Amino acid sequence: MDKKATKILMSTFWGGGGWKSPHAPFSGDDFEYAKSKGVMFDPLTISHDEIVERLHHMHQNPALKERVITAFLHSLSTKKVYLRSALSSWALTRNMPLHTYGERPALHANTSACGDCNFLRLQSDKQYVDADLNVLNFERIKWSGVRHGWLLYCLMDLELLLQDYNDNSSNSTESNHISPYEVTEEDRTILAKMLEASQTGDPTDSARSLEKKWKDCVPSSKQERDSLLEIWAAAGILVPGDTPRKRKGGSGDFIFVATWQGDDGYHAENVLDYFGPYLPQSNL
C-alpha cells in the first residue's frame, strides 16, 4: 500500500484531536494521487443487486478463502490491520445467494428490508447514491474496519484485499504456490494464544473481558482488539450460546460479539475450517 496515499487518506479524516469532519466530494492534487493508488475514491453510485452480483462472482474463485485466511494471519504479527476484516466480509457473504433486493422481503427487518441480507445480518439499501468509500477505507486501514456488517463495506473490503494481493504477488508467483501473505511461526503463536484466551469457561467474562485478555496475546490497540472481536464474531468464531446471558442486552460497545460470554468459548468447527493447517495439534 502506497505510504503517501495512505497518509493523505488518514489526514483527511483524523488529526491531533481525533475525528475530522471533511466534506465530500473530495478534490485536489493529493486526492488525485491517493485515488491513482487505489486508496481514495470518487463517490460511488451502485445498486444492491450490482453489489450482490460482484460479491457472488468473487466467491466463485476457490482461491479467495485461502487468500482471506492467510491475509488475516499475516496481519497478526505485522500489524497490517487492513488485512483483517476480509475474514468477516468473506464469512458474512460466502453463503449469500444471488438475489435481488425485493425478491424475498424481510418479515421482521433488523438490518435490511432485503430478506436475504437481513437473514445474514447484513445492512443493505436498495440503492447507493454518491456513497463515500473513503471513510470506510479509512476505518479499515486504521482499525481493521468498524461497519463490518455493511454490504457495501464487504464489497469494498474484499475487492481491496484482492487488489492488494495482486499488487504484492510480483515477488511471489502463483506458479510456485507462494502467497504474498506469509504466515510465520509468530502468527501461529499469536493465533493459538488468542484462542486459548477465548476459552475462559467463565460466564461472567464478557467481550470486554476478552479484549483485555488479548492485550497480552496480540500487539494492538484497544480499538484494534475491539475490531478483532467483531471480526471473529461476524465470522462465526465467537458465537453467543443458548445458555442464559449474565449481561442482559450485552455490551453497547459491540454488535456481533455483544452477547458473547466466557463459557461460549470459540466455535471449534469453524476454527478448524479456517485455521486448521496453521494450528498446533493441541488446538485441533
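What you see is a predicted model, and the numbers here were worked out from it, not measured in a lab. Position 1 is the first residue of the sequence, and the numbers go up from there.
- Ionic pairing of D273 and K65 is present here: one or more N-O contacts between side-chain nitrogen and carboxylate oxygen are shorter than 4.0 angstrom.
- Side-chain contact of H56 with H99: a donor-acceptor pair under 3.5 Å is absent, judged by distance alone.
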Could you go step by step and tell me if Y153 and S85 meet the side chain to side chain donor-acceptor pair (under 3.5 Å) rule?
CA-CA 10 Å; Y153 180 83; S85 61; 2.7 Å; yes
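- Using a 4.5 Å heavy-atom threshold, the side chains of L152 and L44 count as touching.
- Sequence neighbours left out, the pairs with a member in residues 42-59 that pass salt bridge (Lys or Arg N to Asp or Glu O under 4.0 Å) are K35-D42, R54-E159.
- Using a 30° and 60° split on the angle between ring planes, F138 and W19 fall in the perpendicular class, above 60°.
- You'll find the side chain of I190 reaches within 4.5 Å of the side chain of P219, heavy atoms only.
- Counting heavy atoms from C-beta on, the side chains of L9 and F13 come closer than 4.5 Å.
- Looking only at side-chain heavy atoms (C-beta outward), T70 and Y278 come within less than 4.5 Å of each other.
- Taking the six-membered ring where the residue is Trp, W232 and W214 present perpendicular rings, their angle passing 60° and hence far from 30°.
- Relative ring orientation between Y165 and Y181 is described as perpendicular, the plane-to-plane angle rising above 60° on a 0-90° scale split at 30° and 60°.
- Grouping the Ile, Leu, Val, Met, Phe, Trp and Tyr side chains by contacts below 4.5 angstrom, directly or via other members, places I141 apart from V81.
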